[in-house]
Number of protein chains: 2
Amino acid sequence: MTTPAADQTEDEFLARYSLHDHPSMAVTVDLACLTIRGERLAVLLIERGGHPFRGKWALPGGFARADETLSESAHRELAEETATSVAHTEQLGTYGDPGRDPRGHIVSVAYLAFGPDMGNPEPGDDAAAARFWTIEDLDLDGDGNDATIELAFDHRRIITDAVERARAKLEYTTLACAFCATPFTIAELRDVYEAAWGTPLHQANFRRKVLSTPGFVIPVGTAATNGPGRPAELFRRGPATRMNPPLLRPG
Amino acid sequence: MTTPAADQTEDEFLARYSLHDHPSMAVTVDLACLTIRGERLAVLLIERGGHPFRGKWALPGGFARADETLSESAHRELAEETATSVAHTEQLGTYGDPGRDPRGHIVSVAYLAFGPDMGNPEPGDDAAAARFWTIEDLDLDGDGNDATIELAFDHRRIITDAVERARAKLEYTTLACAFCATPFTIAELRDVYEAAWGTPLHQANFRRKVLSTPGFVIPVGTAATNGPGRPAELFRRGPATRMNPPLLRPG
DNA sequence: GTAATAGTGTCTGTGAGACATTATGGC
DNA sequence: GCCATAATGTCTCACAGACACTATTAC
């Protein structure tokens with residue numbers, strides 16, 4: 001570590017400063033891409049083609065670059081590893097326990113992404129496969145021993161945090177729209193909540209809540225019916241981001 | 001980057017793997033320690049004794065160590081740089097824009113800490129001074145040009161995020177107790193909300209809300225009065241962490 | 001017509017907001 | 001007695017929850 005001389009200017013200090021003067025570690029960006037598939041909350045995973053954890057499933061991600069913001073790194077990885085277009089991304093948290101990566105101390109900045117269901121993407125480089133798994137398949141509540149698939153690194157914890165963040169944010173934000181392809185019906189928006197929370201919601205009360213929140217959704221016409229039943233009104237997401245008071249989970 | 005051979009085992013891979021095989025950057029941990037002082041929300045800052053930003057005010061923090069979790073690094077920095085005891089810490093977010101540190105690309109994991117007011121701590125090594133500043137002094141809403149003090153790095157943004165997180169979490173958690181020295185009165189707990197939100201709350205309704213939330217506070221006796229007025233009942237924090245439904249900000 | 005889905009009307013209970021009142025202390 | 005603060009009582013309004021009902025389509 002450089003010891004600053006009392007009369008040194010900041011420019012002089014920086015000219016003599018080297019990045020090797022402080023400890024250094026690797027930084028990765030991992031993405032928890034959530035969507036609704038088959039009335040279930042699902043997360044995009046890739047099967048690792050290389051060590052470590054070859055053959056295990058992991059969140060898409062990669063090393064952060066020094067010339068990018070972390071958000072830019074996240075969006076680059078998203079574009080590289082998946083053809084998935086998402087409607088919302090936000091930082092979830094940073095995971096830096098020693099031993100989380102057998103290659104050494106690697107800190108991972110996890111990002112949360114929401115998007116409508118758009119099928120399984122093509123696997124990118126270094127990935128043997130890429131597909132969405134429902135969170136029931138991952139057995140997040142249990143110890144993981146009953147799970148159908150094995151997860152790499154501490155990605156089970158990251159996914160658990162991502163799912164809990166998503167469930168909580170549905171309560172007090174309008175982010176459910178990010179899970180819907182535009183345009184969407186109130187019933188489709190309700191399906192988002194029911195899939196994420198795993199509980200049925202009251203149809204009439206849900207509709208009133210959404211429509212009484214200014215800027216939650218904007219009407220854009222009426223759907224053609226596909227089968228019996230009254231045709232549903234169509235909406236797109238509005239400018240509002242928060243719901244006040246929140247829409248609380250039943251129970 | 002190592003290219004894995006198809007028949008390589010994970011142990012063989014790790015034996016040949018070097019941390020120099022991937023890009024590397026420095027990771028720091030910064031702390032936004034909030035408290036209530038003089039009926040105002042305040043944040044602990046240190047005046048930097050060395051470059052860069054010598055003489056500017058900054059959040060306490062330092063480099064993360066490879067043998068610690070990020071949370072352990074945060075608590076170590078808290079103990080080193082301040083004698084402050086805090087009642088709650090949580091990760092706030094990670095800031096990694098290129099150019100945020102003139103020494104090079106340094107990623108900072110910011111932590112949020114809450115504690116009761118306990119006076120200004122002694123400055124640690126590398127700090128010329130340490131004291132709490134009210135968030136009004138920092139002029140977070142403005143552009144910073146009117147502020148009485150200059151902040152180092154992107155710490156204005158980190159503090160802005162910390163304050164907004166704290167204000168929001170008071171709504172749906174019982175974290176206000178973390179700002180109070182035990183035991184405390186309902187009025188002192190209300191002072192936390194009024195200081196953080198900058199708005200008066202209705203005395204009777206606030207009391208009912210707190211006491212009707214199971215596990216928010218636990219009665220521990222009655223205070224001696226200091227002056228005229230009925231002596232107040234005393235409480236300590238209860239086991240509850242969340243409030244349902246939340247206590248919403250007026251307006 | 002029936003079945004199926006979307007949307008509306010209305011009652012009720014809970015709880016926040018506001019105001020008045022009582023309780024308990026110092027002086 | 002007066003003043004100051006803490007705690008309680010009570011009314012009202014908004015809204016979530018529940019249920020019944022109407023509307024519009026396919027068949």
Side-chain angles (χ1 to χ4, degrees), chain A residues 39 170-174 176 180 183-194 197 199-236 240 242-251, chain B residues 39 170-174 176 180 183-194 197 199-236 240 242-251:
Chain A
E39 312 207 338
L170 288 181
E171 287 189 326
Y172 59 94
T173 70
T174 63
C180 293
F184 52 83
T185 67
I186 296 290
E188 288 167 346
L189 194 63
R190 184 162 44 84
D191 285 341
V192 172
Y193 281 89
E194 294 183 336
W197 290 348
T199 46
L201 293 182
H202 195 288
Q203 187 211 39
N205 296 333
F206 178 82
R207 177 187 177 87
R208 255 195 304 271
K209 177 67 177 175
V210 171
L211 295 183
S212 68
T213 300
F216 195 158
V217 294
I218 295 173
V220 293
T222 300
T225 62
N226 46 352
R230 175 173 174 172
E233 298 170 8
L234 294 174
F235 300 87
R236 61 180 175 85
R242 289 179 65 88
M243 226 183 326
N244 251 308
L247 173 58
L248 295 174
R249 280 176 263 195
Chain B
E39 313 208 338
L170 289 180
E171 287 189 324
Y172 60 94
T173 71
T174 62
C180 293
F184 52 84
T185 67
I186 297 289
E188 287 166 346
L189 194 64
R190 185 161 43 85
D191 285 342
V192 172
Y193 282 89
E194 294 183 334
W197 290 348
T199 46
L201 293 183
H202 195 286
Q203 188 211 38
N205 297 333
F206 178 83
R207 177 188 178 85
R208 252 197 306 270
K209 177 67 178 174
V210 171
L211 294 183
S212 68
T213 300
F216 194 159
V217 295
I218 296 172
V220 292
T222 301
T225 62
N226 46 351
R230 176 172 172 174
E233 298 170 8
L234 294 174
F235 300 88
R236 61 182 173 85
R242 291 178 64 89
M243 225 184 323
N244 253 309
L247 172 59
L248 295 173
R249 280 177 262 194

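Hydrogens, waters and symmetry mates play no part in the numbers below; they use all other heavy atoms, side chains included. Order of the sequence lines sets the chain letters (A, B, ...), proteins ahead of strands, with each chain counted from 1.
The separation between A:Arg249 atom CZ and D:dA16 atom P is 17 Å, rounded to whole Å. In this entry the distance linking CG of B:Leu234 with P of D:dA6 reads 12 Å, nearest Å. Atom CG in A:Leu247 sits about 10 Å away from atom C1' in D:dA16, given to the nearest Å. The distance between atom CG of B:Leu211 and atom C1' of D:dA6, rounded to the nearest whole Å, is 12 Å.
Using a 4.5 Å heavy-atom cutoff, the side chains of B:Phe216 and B:Leu189 are in contact. Residues A:Glu194 and A:Glu39 form no side-chain contact, since every pair of their non-hydrogen atoms from C-beta on lies 4.5 Å or further apart. The shortest side-chain heavy-atom distance between B:Glu188 and B:Phe235 does not fall under the 4.5 Å cut-off.
In terms of position on DNA chain C, the residue among B:Gly229 and A:Arg190 whose nearest nucleotide sits closer to the 5' end is A:Arg190. Positionally, the nearest nucleotide of DNA chain D for B:Thr185 lies more toward the 5' end than for the other of B:Thr185 and A:Pro250.
Protein chain B contacts DNA chain C over a range whose 5' and 3' limits, counting nucleotides with an atom under 4.0 angstrom from a non-hydrogen atom, are C:dA16 to C:dG26.
For DNA chain D, the neighbouring residues in residues 201-210 of chain B, judged by any heavy atom under 4.0 Å, are B:Gln203, B:Ala204, B:Arg207, B:Arg208.
For A:Pro250 against A:Pro200, the heavy-atom pair with the smallest separation is CG-O, 4.3 Å.
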Next on the checklist: The test is side chain to side chain contact (heavy atoms under 4.5 Å, CB included); show your working for A:Leu211 and A:Ile186 and say whether it passes.
Outcome noted: CA-CA 9 Å; A:Leu211 295 183; A:Ile186 296 290; 4.2 Å; yes
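We find the NE2-NZ distance between A:His202 and A:Lys209 to be 15.5 Å, quoted to the nearest 0.5 Å. To the nearest 0.5 Å, atoms CG (B:Leu247) and OG1 (B:Thr213) are separated by 8.0 Å.
A donor-acceptor pair under 3.5 Å is formed between the side chain of B:Tyr193 and the backbone N or O of B:Leu170.
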